[in-house]
Amino acid sequence: MSKIDNSTYKAIKRERSWDNSFLSHIGEPEKGTYGRIKKRMIIRLVMVLLLLAVIVADVLISVLVFKTRKTWFVIIACVMSIPFARNLIDLFMTIKCKPLDKDLQEKVEAIGAETGRRIDYDLTITDEDGVVFLPAVCVYNNNVIAFTPDEKDAKKRERVKSFMGMLNSDPEISCRIFVTENINTFKKELARIREADEAALTSDEYIRETLFSLGF
């Protein structure tokens with residue numbers, strides 16, 4: 001792998017730092033944290049209901065109090081419809097994501113501890129063709145191993161792998177991608193990766209940040 005472009009890396013870090021800072025203020029956990037998707041769904045649902053209430057209230061005030069739709073209240077309602085639509089789309093996309101149940105997550109976490117590998121949870125990759133959900137992912141020594149227990153069909157796993165292949169579209173990244181629905185295979189894949197040196201660990205961090213940037 002060629003030398004990492006630090007400017008690109010720092011830009012990704014700055015963007016993610018700002019995003020995480022904003023989301024942390026409204027209670028959404030950082031990317032890679034187990035339970036993030038459920039929390040995100042709750043936040044988006046609350047935002048949708050709140051914005052809908054504001055829109056309806058503005059329209060009712062305009063019509064019932066001022067007897068016309070030509071008021072600032074209606075204009076405000078129109079403006080508020082933009083974040084409402086965005087949060088509604090986010091909610092629909094989040095509902096499609098099925099995270100690991102607690103028992104299975106504990107098993108995955110035990111595998112991470114046993115193999116000495118860091119596990120990230122609840123990641124998404126979005127594209128014009130849709131969205132794929134990665135319940136658990138390990139990035140180590142230029143390997144990206146995903147555990148997708150609900151993708152029993154090989155064609156669906158290939159779709160997940162093809163979305164993950166966007167990582168290698170970055171000229172600074174050349175990683176091996178592996179997707180499995182079997183927890184034992186996931187454990188074996190993590191165990192067989194040779195130990196990473198300092199340069200590889202730096203590359204892994206860049207790959208993780210890039211992976212985080214590919215979805216919501």
Side-chain angles (χ1 to χ4, degrees), residues 15-16 18-59 77-109 112 119-139 144-167 177-183 186 208-216:
E15 181 180 353
R16 183 171 169 241
W18 183 90
D19 188 49
N20 285 331
S21 176
F22 171 75
L23 292 176
S24 65
H25 279 85
I26 60 174
E28 184 170 321
E30 196 172 317
K31 283 187 178 181
T33 305
Y34 177 70
R36 183 182 72 91
I37 285 297
K38 285 186 177 180
K39 188 74 172 181
R40 181 187 177 88
M41 182 176 67
I42 293 172
I43 291 173
R44 290 297 181 269
L45 178 59
V46 170
M47 291 295 293
V48 165
L49 295 176
L50 180 62
L51 289 167
L52 179 61
V54 172
I55 292 170
V56 172
D58 280 343
V59 173
C78 292
V79 173
M80 295 299 287
S81 67
I82 298 174
F84 169 76
R86 179 177 178 180
N87 278 276
L88 187 61
I89 292 172
D90 283 350
L91 177 61
F92 287 150
M93 293 177 69
T94 305
I95 289 175
K96 295 180 180 180
C97 302
K98 184 179 179 182
L100 302 176
D101 60 48
K102 190 59 180 177
D103 290 340
L104 190 54
Q105 186 271 335
E106 289 176 352
K107 292 179 181 178
V108 171
E109 195 67 17
I119 310 294
D120 291 304
Y121 300 94
D122 294 4
L123 299 181
T124 60
I125 300 178
T126 57
D127 191 22
E128 59 185 11
D129 295 325
V131 57
V132 297
F133 181 62
L134 309 177
V137 184
C138 174
V139 177
V144 184
I145 313 299
F147 177 48
T148 58
D150 292 318
E151 306 296 354
K152 303 297 184 183
D153 185 79
K155 290 184 178 180
K156 291 183 178 180
R157 292 197 301 276
E158 280 299 316
R159 181 172 181 268
V160 173
K161 187 175 180 179
S162 68
F163 271 66
M164 294 175 67
M166 287 192 287
L167 285 169
I177 296 171
F178 187 88
V179 181
T180 181
E181 85 292 1
N182 188 292
I183 192 168
F186 182 68
R208 287 183 68 250
E209 297 293 341
T210 305
L211 178 62
F212 286 0
S213 73
L214 294 178
F216 54 80

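Keep in mind that what you see is a predicted model, and the values were worked out from it rather than measured. Both backbone and side-chain heavy atoms feed into the values below; hydrogens, waters and symmetry mates do not.
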(request) Check side chain to side chain contact (heavy atoms under 4.5 Å, CB included) between E106 and all other residues, then give those that pass, not counting sequence neighbours. (result) K102, D103
(request) Mind checking salt bridge (charged side-chain N to carboxylate O under 4.0 Å, His left out) for E181 and listing every partner two or more places apart, or none if nothing turns up? (result) R157
(message) Please give me the minimum heavy-atom distance between K161 and I177, naming the atom from each residue.
(response) CE-O, 3.4 Å
(request) Under the ring pair (Phe, Tyr, Trp, His ring centres under 6.0 Å) rule, collect the residues that match up with F186, sequence neighbours excluded. (result) F147
(message) Once side chain to side chain contact (heavy atoms under 4.5 Å, CB included) is applied, do any residues pair with V59, and if so which ones, sequence neighbours excluded?
(response) V63, A77
(message) According to salt bridge (charged side-chain N to carboxylate O under 4.0 Å, His left out), who are the partners of D120, at least two apart in sequence or on a separate chain?
(response) R118, R208
(request) Identify, with sequence neighbours excluded, every residue that meets salt bridge (charged side-chain N to carboxylate O under 4.0 Å, His left out) alongside K98. (result) D150
(request) Could you tell me which non-hydrogen atom of L52 sits nearest to which non-hydrogen atom of F84, and how far apart they are? (result) CB-CE1, 3.8 Å
(message) Taking the side chain as everything from C-beta on, heavy atoms only, tell me whether K107 gets closer than 4.5 Å to I183.
(response) yes
(message) Test of understanding: with ring pair (Phe, Tyr, Trp, His ring centres under 6.0 Å), list the residues that count as partners of F178, not counting sequence neighbours.
(response) none
(request) Enter the distance from L211:CG to E209:CD here, rounded to the nearest 0.5 Å. (result) 10.0 Å
(request) Verify, without hydrogens or angle tests, whether K31 (side chain) and G215 (backbone) share a donor-acceptor contact under 3.5 angstrom. (result) yes
(request) Supply the atom-to-atom distance I89 CD1 to T94 OG1, rounded to the nearest 0.5 angstrom. (result) 11.5 Å
Side chains of residues 122-130: which donor-acceptor pairs under 3.5 Å do they make with residues two or more places apart or in other chains?
residue: D122; atom: OD2; partner: G35; partner atom: N; Å: 3.0
residue: D122; atom: OD2; partner: R36; partner atom: N; Å: 3.1
residue: D122; atom: OD2; partner: I37; partner atom: N; Å: 3.3
residue: T124; atom: OG1; partner: F216; partner atom: N; Å: 2.9
residue: T124; atom: OG1; partner: F216; partner atom: O; Å: 3.1
residue: T126; atom: OG1; partner: L214; partner atom: O; Å: 3.3

(request) Drop me the distance from I145's CD1 to I119's CD1, to the nearest 0.5 angstrom. (result) 10.0 Å
(message) Test of understanding: with side chain to side chain contact (heavy atoms under 4.5 Å, CB included), list the residues that count as partners of K96, not counting sequence neighbours.
(response) none
(request) Locate the shortest heavy-atom distance separating V137 from L134; write the atom from each residue and the value. (result) CG2-CB, 3.5 Å
(request) Tell me, please, which residues at least two apart from D90 pass side-chain hydrogen bond (donor to acceptor under 3.5 Å, both in side chains). (result) R44
(request) Using the test side-chain hydrogen bond (donor to acceptor under 3.5 Å, both in side chains), find all partners of E109 that sit at least two apart in sequence or belong to another chain. (result) Y121
(request) First locate atom CD1 of I82, then atom CG of N87, and finally report the distance between them rounded to the nearest 0.5 Å. (result) 12.5 Å
(request) Sequence neighbours left out, what passes side chain to side chain contact (heavy atoms under 4.5 Å, CB included) with K155? Give chain and number order. (result) D153
(message) With side chain to side chain contact (heavy atoms under 4.5 Å, CB included) as the test, pick out the partner of P135 among C97, P99, P149.
(response) P149
